[in-house]
Amino acid sequence: MKSASNYAYIKKRDEKVTELKKQLLSRLQEKQRFADEREERPLVDPPVDLSDEEVDTNVISVDFANITDGLKNLCMGDAIFCKKCSASLSSLSTANVFPREKYIKHVDLKEQAKDISADPHEEEKDDKLSKKMIPEGDQKNFIPETEIKSHESVWICEFCSHHNKISIEAEELPKTDDIFFMLKSATQQLETTTTTTQDQDISVIFCIDFSGSMCVSSEIQVKDELRHGLSAEEYEMLKDFIEDNASQLLPNQKQDTQWISRKQCVLAAIESQLEEMKKTHPNRKVGVVAFNSEVIVYGDGGSDPIIVAGDKLNKEDVCLSVGIDNYEKLLSASIVDSSKRLMSKLSSLKENGKTALGPALAVSLGLASRGKPGSTVILCTDGLANVGIGELDSPSSDNDPFYERMGNYAKERGIQVNVITIKGEGCRMDRLGKIADVTQGQVTRVNPDSIAKDFSNIMKEEVVATKVKLRVRLHQSLKFRREEKENLAENDSLCERDVGNVTAKTILTFEYQSKNDVELAKEGIDIGKLSQLPIQAHVYYTSGEGHQLLRVITMKLQTTQDLKCAQKGVDVRILATRATQLTSNNAGKGEVIMARKVNKKWDEYISNDLAMDNAASPTFQEGLADWQENNTGLKRAVNKNIKRAKQNQGFFGKLSSKFKFSNKEDEEEFEKETRCLSIAGSDDEDETKFIQNKAANFMKKK
């Protein structure tokens, strides 16, 4: 876990306003007390500050580059959690752990002292624990002397100040800020599941489009003759028209180029990957599912293929079952034994028919679900799904959650889905891309001459952990911002994400800020007295070996109310990653206007404010250049989507459904005005004014 800044920025507060808010809260709490006594319905909580969220350096990131080192850094014993907030005992907790004698000595339970400090005449001056201050205001958490056994210690949680009884020796306290715990071994897992054995490799399923459009040819530069051109059947049909030793070049065609079909490109790329896997992963099982108007399930090519056609293409459960039930039959051989057989089968395929992409994807996921977690499906298509489940060629398809279901199916079973499509083709990547996103796969739009390289890059990004669940905990004086509400708990100080699969390059980012004055007063916190704040991440996951592990990462940040101080020496790459993810997430949900606003806000902050404060830093300047280069393409993609939305529906086409028109004339007037606004190339302010005026006009009519 990393922080963009060495400081947690705490925004300065107006003391007079703060005092007024505290008085308001006090009055509300008093009213609540009387309401409770009368058993009345609880009062509504004080309103939370809903002003526009700002951008600053309060960003943290969690990556998984070193997660495969879990078994090397395994801690003996079990993790210890706070009974109140579930934070984990960590290296930061050392100074907060008191042996029984020290705890009793510093806590005068009889007098219930409000301010407890170390005895100035304490003989053991060098003992850090004896000098530790019990936090003020924690009297209600004190544990009576009679309840603490001689071998027990007390840990005062650094997140919520709760007092916890623990049994631990000093030498057993965590020594590093990144520790791993074994929750359940692979052997224990196998006793309760039907998953494949521990030493088995993952499975790779190539789901390949062989519809009619795959015969489209492109001129590319090649050094060697590309194989997999004509099938044996096609050659027999054309051999009478091929002259011996005659040049096969077109007039004026360059000598170093060939016209090759998309089928040739895909098969060449697959063959290259099979040869590479034979060297690096000889025990890996590889299967192929081909599709056009029907689905042909070859598996590893060792048995007769299974064909899914007709009404079966419209039944999701049937397609999944074909893969699940026939796994052992279709995928029994390793890549060393199956590669030549597979390529022979694929080379014989002819490009024709429509695109049964959805059924083929379901069959592929069914096959991969029987493999080891971390198995991969590589979907390669150049056309729009138009046959069977998951078809995207009809108006009703926009409301079909098929691809969302398939994404969740893959995520729950630790399957990664990668999507490769040909540039310039309408494949509805807005739908297919969601499967890749939720399974930590990649979406790649390629040119035919670069498909082999892109296949290779995708195969390098293997899943390193599955069934990943992430819990990030802030100090109770802080809260997350720009997070989905359903992911937040404990007054927004805890964020939980069900991540699923991760690769070594997966990075998750989070933003936070200090709670407002009313929230802090409610928590009983004076944030001005806090010079350091802890942050902790819990990563629950299943390793490649099948072990269930817990990774605990803890960090501590200094606090500052000086934004310039927080901005100095900032890690711009973490902020750039956050900005990119927020922009992409909004665009992926169809909120392209919001995506543009968010991107613009972050771009101005990074390129102006931060650049000025870090002008002398070569590291920052290098990161800034990378951000600006990458963001140019991102902005272009967002603006392209906005333009497409305007062309398809007019500037406010989607908003028309929000207004209840009393007659046809009002509806036509609305459409006319929105079209004029679209043609004029309005900006965000025009949009806002238009909506406000329209809303006001309709209110007057009522």
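Not measured: the values here are computed from a predicted model.
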Any Glu490 side-chain heavy atom under 4.5 Å of Phe159 side chain: no
Could you tell me if Asn491 and Glu523 have a donor-acceptor pair between their side chains, going purely by distance under 3.5 Å? yes
Gap between atom CD1 of Ile525 and atom CG of Asp517 - 0.5 Å precision: 12.0 Å
Could you tell me if Asn516 and Glu519 have a donor-acceptor pair between their side chains, going purely by distance under 3.5 Å? yes
Face-on cation placement of Arg100 at Phe98 ring, 6.0 Å and 45° thresholds: no
Okay, side chain of Ser61, backbone of Ile574: is any donor-acceptor separation there less than 3.5 Å? no
Determine whether the aromatic ring centres of residues His538 and Phe81 are separated by less than 6.0 angstrom. yes
Candidate pair Tyr103 and Phe142, rule side chain to side chain contact (heavy atoms under 4.5 Å, CB included), full reasoning: CA-CA 10 Å; Tyr103 182 77; Phe142 290 160; 3.9 Å; yes
Does a donor on one side chain sit under 3.5 Å from an acceptor on the other, for Gln581 and Thr509? yes
Got a donor-acceptor contact below 3.5 angstrom from the Asn73 side chain to the Leu71 backbone? no
What residues, two or more places apart in sequence or in another chain, satisfy side-chain contact (heavy atoms from CB on, under 4.5 Å) together with Thr580? Ser584, Trp627, Leu634
With distance as the sole test, does Thr466 use its side chain to make a donor-acceptor pair with the main-chain N or O of Gly414 at under 3.5 Å? no
Indicate yes or no for a side-chain donor-acceptor contact from Thr439 to the backbone of Val417 under 3.5 Å, with no hydrogens or angles considered. yes
Out of curiosity, Ser3 OG to Tyr512 OH, how far, rounded to the nearest 0.5 Å? 4.5 Å
Can Gln567 and Thr57 be counted as having a side-chain donor-acceptor contact under 3.5 angstrom? no
Within the side chain of Ser93, is there an N or O that forms a donor-acceptor pair under 3.5 Å with the backbone of Leu89? no
Could you give the distance from CD (Gln416) to OG1 (Thr376), rounded to the nearest 0.5 Å? 4.5 Å
How about Gln532 and Thr559: does a side-chain donor come under 3.5 Å of a side-chain acceptor? no
Taking the six-membered ring of Phe620, is NZ or CZ of Arg573 closer than 6.0 Å to its centre and within 45° of its axis? no
Side chains of Ser514 and Ser477: does their closest heavy-atom pair fall under 4.5 Å? no
Kindly give the heavy-atom pair with the smallest separation between Leu582 and Arg482, and that separation in Å. CD1-CD, 3.8 Å
Between Ser493 and Gln476, is there a side-chain donor-acceptor contact under 3.5 Å, judged purely by atom types and distance? no
